[in-house]
Peer 1: 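This structure is in structure tokens; I'll ask about it shortly.
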Amino acid sequence: MSGSDKRFPLPLSSVVEKPPAVANGRKQPLARIATPQTATQNAVQNLQRAPQQAQAIRVMPAAAVPDAAPRPAAMVSQAVRAAMVARLAKQGIKDGKVLAAMEAVPRHMFIEPGLSSQAYIDASLPIGHHQTISQPYIVARMIEVLRAGPNGAAMDKVLEIGTGCGYQAAVLSLVAKDVFSIERIKGLHELAKANLRPLRIANIRLQYGDGMLGLPQVAPFDGIILAAAGLEVPKALLEQLSIGGRLVAPVGDRRQVLHLVERVSKFEWTNTQLEDCHFVPLRPGVV
Ligand code: SAH
């Protein structure tokens with residue numbers, strides 16, 4: 001456990017940015033921002049089409065929180081995120097709270113600067129150590145499935161296996177009371193810590209270790225998300241689900257399917273196969 005949360009007491013929501021400056025009752029002319037990035041251009045075109053609920057939260061890097069008017073770069077990143085959320089809604093994500101969380105978390109801050117122009121396209125991207133940040137759609141989809149259970153809105157404790165760069169943990173932090181996330185690669189555990197630090201999220205605890213073992217000392221969890229695919233769901237994780245809790249995991253090798261496991265009682269779990277997906281492999285041990 002990093003224990004670093006104590007040093008960063010400000011919640012992500014405390015770096016909420018003011019909406020774009022209003023001139024004569026109209027939004028500033030975003031379309032005039034000159035940029036060669038296609039994603040940005042699309043975002044500007046799509047901005048007006050983004051769902052209302054998704055525009056409610058505006059977050060930017062803590063280091064860049066404005067004291068006066070928002071700067072063009074921040075406006076561009078907001079616009080591109082709004083467009084990403086509009087796309088997610090078109091792809092079938094319906095949970096307003098998940099869409100708002102996806103719009104709030106600055107995905108570009110979890111990606112190396114050389115790739116940040118691609119931060120809001122719907123693709124997984126390399127984060128080093130042969131691992132990837134998951135594509136936005138699957139991040140949103142897994143969290144939506146997690147929240148659709150009987151305990152739904154009341155997700156107290158959530159466990160993520162595979163912190164990677166920390167992006168999904170940040171999104172989860174906006175829909176769950178406490179988020180625990182385990183990473184088996186030391187370098188990525190450190191990367192996630194560094195990525196999350198400026199966001200000052202108080203309710204994430206990062207753990208370096210083998211996520212296949214879960215966190216028995218913290219269990220039971222209302223929700224467990226695996227960001228890496230195994231041939232089956234580790235038994236230890238099933239045992240660490242609360243009754244009524246939900247686990248979402250990619251299962252398979254070449255062909256992977258997203259599975260939803262619900263714990264019905266002390267000795268009973270149900271398993272539903274949802275859709276095809278593609279994740280990096282779940283591996284035992286630490287490196
Ligand atoms: N959650 C990330 C996705 C990271 S990719 C995101 O927000 O985009 C999946 C991660 O799972 C990799 O970093 C990989 O190292 C990690 N992983 C694989 N097997 C694991 C295990 N047994 N325990 C913990 N992490 C594991």
Side-chain angles (χ1 to χ4, degrees), residues 1-2 12 84 88 98 101-102 104-112 115-116 118-146 158-176 179-196 199 201 204-216 218-219 221 223-238 240 247-253 256 258 277-287:
M1 193 112 13
S2 71
L12 182 58
M84 178 189 80
L88 292 174
V98 174
M102 295 295 292
V105 178
R107 193 170 186 259
H108 63 277
M109 289 179 68
F110 294 83
I111 291 168
E112 62 176 86
L115 292 173
S116 58
Q118 298 174 55
Y120 298 101
I121 62 173
D122 196 33
S124 55
L125 296 168
I127 54 172
H129 303 267
H130 307 290
Q131 307 301 320
T132 53
I133 180 173
S134 303
Q135 72 181 119
Y137 167 77
I138 203 74
V139 170
R141 175 79 174 123
M142 288 201 289
I143 300 176
E144 181 174 70
V145 170
L146 214 59
V158 171
L159 175 65
E160 177 192 35
I161 311 303
T163 316
C165 59
Y167 173 69
Q168 184 157 32
V171 180
L172 279 168
S173 77
L174 293 176
V175 303
V179 178
F180 298 82
S181 183
I182 312 176
E183 173 56 56
R184 70 182 285 272
I185 299 177
K186 184 80 174 166
L188 289 177
H189 169 70
E190 297 298 336
L191 175 72
K193 274 205 272 188
N195 286 342
L196 289 165
L199 294 174
I201 303 174
I204 297 181
R205 284 152 184 88
L206 300 181
Q207 170 87 39
Y208 169 57
D210 180 357
M212 290 170 81
L213 309 174
L215 278 182
V218 182
F221 296 97
I224 300 179
I225 280 188
L226 281 85
L231 295 180
E232 56 181 25
V233 177
K235 299 271 180 304
L237 298 181
L238 297 177
Q240 290 174 32
L247 175 150
V248 184
V251 177
D253 187 4
Q256 299 173 4
L258 201 61
C277 56
H278 188 70
F279 282 82
V280 295
L282 185 70
R283 297 197 194 285
V286 293
V287 286

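Counting starts at 1 for both ligands and their atoms, in listed order.
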Peer 1: Which residue owns the protein heavy atom closest to atom 15 (O) of ligand 1, what's the atom, and how far is it?
Peer 2: Glu183 OE2, 2.7 Å
Peer 1: Run the numbers for me: atoms of ligand 1, each under 4.0 Å from some heavy atom of Leu188, listed by number.
Peer 2: 13 (O)
Peer 1: Report, in ascending order of atom number, the atoms of ligand 1 lying under 4.0 Å from any heavy atom of Ile133.
Peer 2: 8 (O)
Peer 1: Hey, mind stepping through Leu125 and Phe110 against side chain to side chain contact (heavy atoms under 4.5 Å, CB included) and telling me if it holds?
Peer 2: CA-CA 10 Å; Leu125 296 168; Phe110 294 83; over 6 Å; no
Peer 1: With no hydrogens and no angle check, is any side-chain donor or acceptor of Glu160 less than 3.5 Å from a backbone partner on Ile225?
Peer 2: no
Peer 1: Of all the atoms in ligand 1, which lie at a distance below 4.0 Å from a heavy atom belonging to Thr132?
Peer 2: 3 (C), 4 (C), 5 (S)
Peer 1: Please tell me if the side chains of Leu172 and Ser181 come closer than 4.5 Å, counting only heavy atoms from C-beta onward.
Peer 2: no
Peer 1: At a non-hydrogen distance cut-off of under 4.0 Å, which region of Ile185 contacts ligand 1 (side chain, backbone, both, or neither)?
Peer 2: side chain
Peer 1: Please answer whether the main-chain N or O of Ile182 pairs with a side-chain N or O of Thr163 as donor and acceptor at a distance below 3.5 Å.
Peer 2: yes
Peer 1: Looking at atom 9 (C) of ligand 1, what's its closest protein heavy atom, distance included?
Peer 2: Ala227 O, 3.3 Å
Peer 1: Between Tyr120 (side chain) and His108 (backbone), is there a donor-acceptor pair under 3.5 Å?
Peer 2: yes
Peer 1: Side chain, backbone, both or neither: which part of Gln131 has a heavy atom under 4.0 Å from ligand 1?
Peer 2: side chain
Peer 1: Count the heavy atoms of every other residue, nucleotide or ligand shown that sit under 6.0 Å from NE2 of His129, and state whether that count exceeds 12.
Peer 2: yes
Peer 1: Using a 4.0 Å heavy-atom threshold (strictly under), name the region of Ala228 that reaches ligand 1: side chain, backbone, both or neither.
Peer 2: side chain
Peer 1: Show me which atoms of ligand 1 lie under 4.0 Å from any heavy atom of Pro281.
Peer 2: 18 (C)
Peer 1: Using the six-membered ring wherever Trp is involved, compare the ring planes of His189 and Tyr208 and label them parallel, tilted or perpendicular (cut-offs 30° and 60°).
Peer 2: tilted
Peer 1: With heavy atoms of Arg283 as the reference, note each atom of ligand 1 found under 4.0 Å away.
Peer 2: 18 (C), 19 (N), 20 (C), 21 (C), 22 (N)
Peer 1: Please state which protein non-hydrogen atom is closest to atom 23 (N) of ligand 1 and give its distance, to 0.1 Å?
Peer 2: Gly211 N, 2.7 Å
Peer 1: Mind checking whether Asp210 contacts ligand 1 via backbone (N, CA, C, O), side chain (CB onward), both or neither, at a 4.0 Å heavy-atom cut-off?
Peer 2: both
Peer 1: Can you list the ligand 1 atoms lying under 4.0 Å from a non-hydrogen atom of Tyr167?
Peer 2: 7 (O)
Peer 1: Please work out whether any backbone atom (N, CA, C, O) or any side-chain heavy atom from C-beta onward of Glu160 is under 4.0 Å from ligand 1, and answer side chain, backbone, both or neither.
Peer 2: side chain
Peer 1: Taking heavy atoms and a distance under 4.0 Å, where does Ile127 meet ligand 1: side chain, backbone, both or neither?
Peer 2: neither
Peer 1: In the protein, what heavy atom is nearest to atom 8 (O) of ligand 1, and what distance, to one decimal place, separates them?
Peer 2: Ser134 N, 2.7 Å
Peer 1: Test your reading of the structure: does Gly162 have an N or O sitting under 3.5 Å from an N or O of ligand 1?
Peer 2: yes
Peer 1: Is Gln240 reaching over with its side chain to a backbone N or O of Phe221, donor-acceptor style, under 3.5 angstrom?
Peer 2: no
